J.: 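I'd like to ask you about the structure that follows.
No experiment lies behind these values; they were computed from the predicted model shown.
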Amino acid sequence: QVQLVESGGGLVQAGGSLSLSCAASGRTFSSYAMGWFRQAPGKEREGVSCISIDGVKLTYKDFVKVRFTISRDNAKNTVYLQMNDLKPEDTAFYYCAYTYNCSDFIAITEYKGWGQGTQVTVSS
């Protein structure tokens with residue numbers, strides 16, 4: 001089983017940047033694809049991005065394409081989400097999670113474990 005801990009959230013002005021990290025414990029991190037989700041108050045959790053086991057295939061929801069970049073370092077058991085040009089509508093709790101592959105990366109039920117999340121707040 002993989003334990004996940006997110007970090008890097010905070011308060012930033014619109015147009016600013018944040019870099020989220022998700023550190024995983026366990027020797028099997030490199031066996032899983034990794035996804036980022038977010039959940040805004042009063043809204044459902046939604047998929048943001050997913051990265052394949054080898055880090056080659058990257059998948060994004062349209063609303064974050066170009067602005068966000070997902071990456072991973074299997075040697076450090078960490079997945080990252082670089083967020084640029086942030087907008088107030090990006091305000092949410094951001095979660096990382098692991099799954100077998102990114103083929104249906106927005107489906108919450110495909111994920112086997114989740115972190116506790118980190119808050120991202122973008123002021124206008």
J.: Please name all residues satisfying salt bridge (charged side-chain N to carboxylate O under 4.0 Å, His left out) with Arg38, sequence neighbours left out, ordered by chain then number.
T.: Glu46, Asp90
J.: Let me see the working for Trp114 and Phe37 under side chain to side chain contact (heavy atoms under 4.5 Å, CB included), right down to the final yes or no.
T.: CA-CA 10 Å; Trp114 297 79; Phe37 282 72; 3.6 Å; yes
J.: Side-chain heavy atoms under 4.5 angstrom apart, residues restricted to Ile, Leu, Val, Met, Phe, Trp, Tyr: same cluster for Ile106 and Phe93?
T.: yes
J.: Determine whether more than 12 heavy atoms belonging to other residues, nucleotides or ligands lie under 6.0 Å from atom CD1 of Ile53.
T.: yes
J.: So, the side chain of Thr78 versus the backbone of Lys76: is there a donor-acceptor pair under 3.5 Å, distance only?
T.: yes
J.: In the single-linkage hydrophobic clustering (I, L, V, M, F, W, Y; side-chain heavy atoms under 4.5 Å), do Ile108 and Val2 co-cluster?
T.: no
J.: Which heavy atom of Thr91 sits nearest to which heavy atom of Val122, and what is that distance?
T.: OG1-N, 2.9 Å
J.: Provide the closest heavy-atom pair for Asp85 versus Arg67 in the form atom of the first, atom of the second, distance.
T.: O-NH1, 3.0 Å
J.: As an exercise, state the distance from CG of Leu58 to CZ of Arg72, rounded to the nearest 0.5 Å.
T.: 10.5 Å
J.: Given side chains that start at C-beta, do those of Phe68 and Val48 come closer than 4.5 Å, heavy atoms only?
T.: yes
J.: Atom SG in Cys96, atom CD1 in Ile51: separation rounded to 0.5 Å?
T.: 12.5 Å
J.: With sequence neighbours left out, which residue pairs that include part of residues 55-65 fulfil the side-chain hydrogen bond (donor to acceptor under 3.5 Å, both in side chains) condition?
T.: Asp62-Lys65
J.: Which residue pairs pass the disulfide bond (SG atoms under 2.5 Å apart) test with at least one member in residues 25-78, sequence neighbours excluded?
T.: Cys50-Cys102
J.: Test side chain to side chain contact (heavy atoms under 4.5 Å, CB included) on Leu4 and Met34 and set out the steps.
T.: CA-CA 11 Å; Leu4 303 174; Met34 297 297 297; 3.9 Å; yes
J.: If hydrophobic residues (ILVMFWY) are linked whenever their side-chain heavy atoms come closer than 4.5 Å, directly or via other members, who joins Tyr80 in its cluster?
T.: none
J.: Has the side chain of Gln39 got a donor or acceptor atom that lies under 3.5 Å from a matching backbone atom of Tyr94?
T.: no
J.: When the side chains of residues 9-23 are checked against the rest of the protein, which donor-acceptor pairs come out under 3.5 Å, sequence neighbours left out?
T.:
unit_1, atom_1, unit_2, atom_2, d
Ser17, OG, Asn84, OD1, 2.9
Ser19, OG, Gln82, OE1, 3.4

J.: So does Tyr95 get a backbone contact from the side chain of Arg45, meaning a donor-acceptor N/O pair under 3.5 Å?
T.: no
J.: Find the distance between CG (Asn74) and OG (Ser30) and round it off to the nearest 0.5 Å.
T.: 5.0 Å
J.: Please, which pairs that meet ring-ring contact (aromatic ring centres under 6.0 Å, His included) have at least one residue in residues 14-35, sequence neighbours excluded?
T.: Tyr32-Tyr98, Tyr32-Tyr100
J.: Once rounded to the nearest 0.5 Å, what's the spacing between atom NZ of Lys112 and atom OG1 of Thr109?
T.: 7.5 Å
J.: Mind checking the OG1-CG spacing from Thr118 to Leu81? Nearest 0.5 Å is all I need.
T.: 11.0 Å
J.: Report yes if the side chains of Tyr111 and Phe105 come closer than 4.5 Å at any heavy-atom pair, otherwise no.
T.: yes
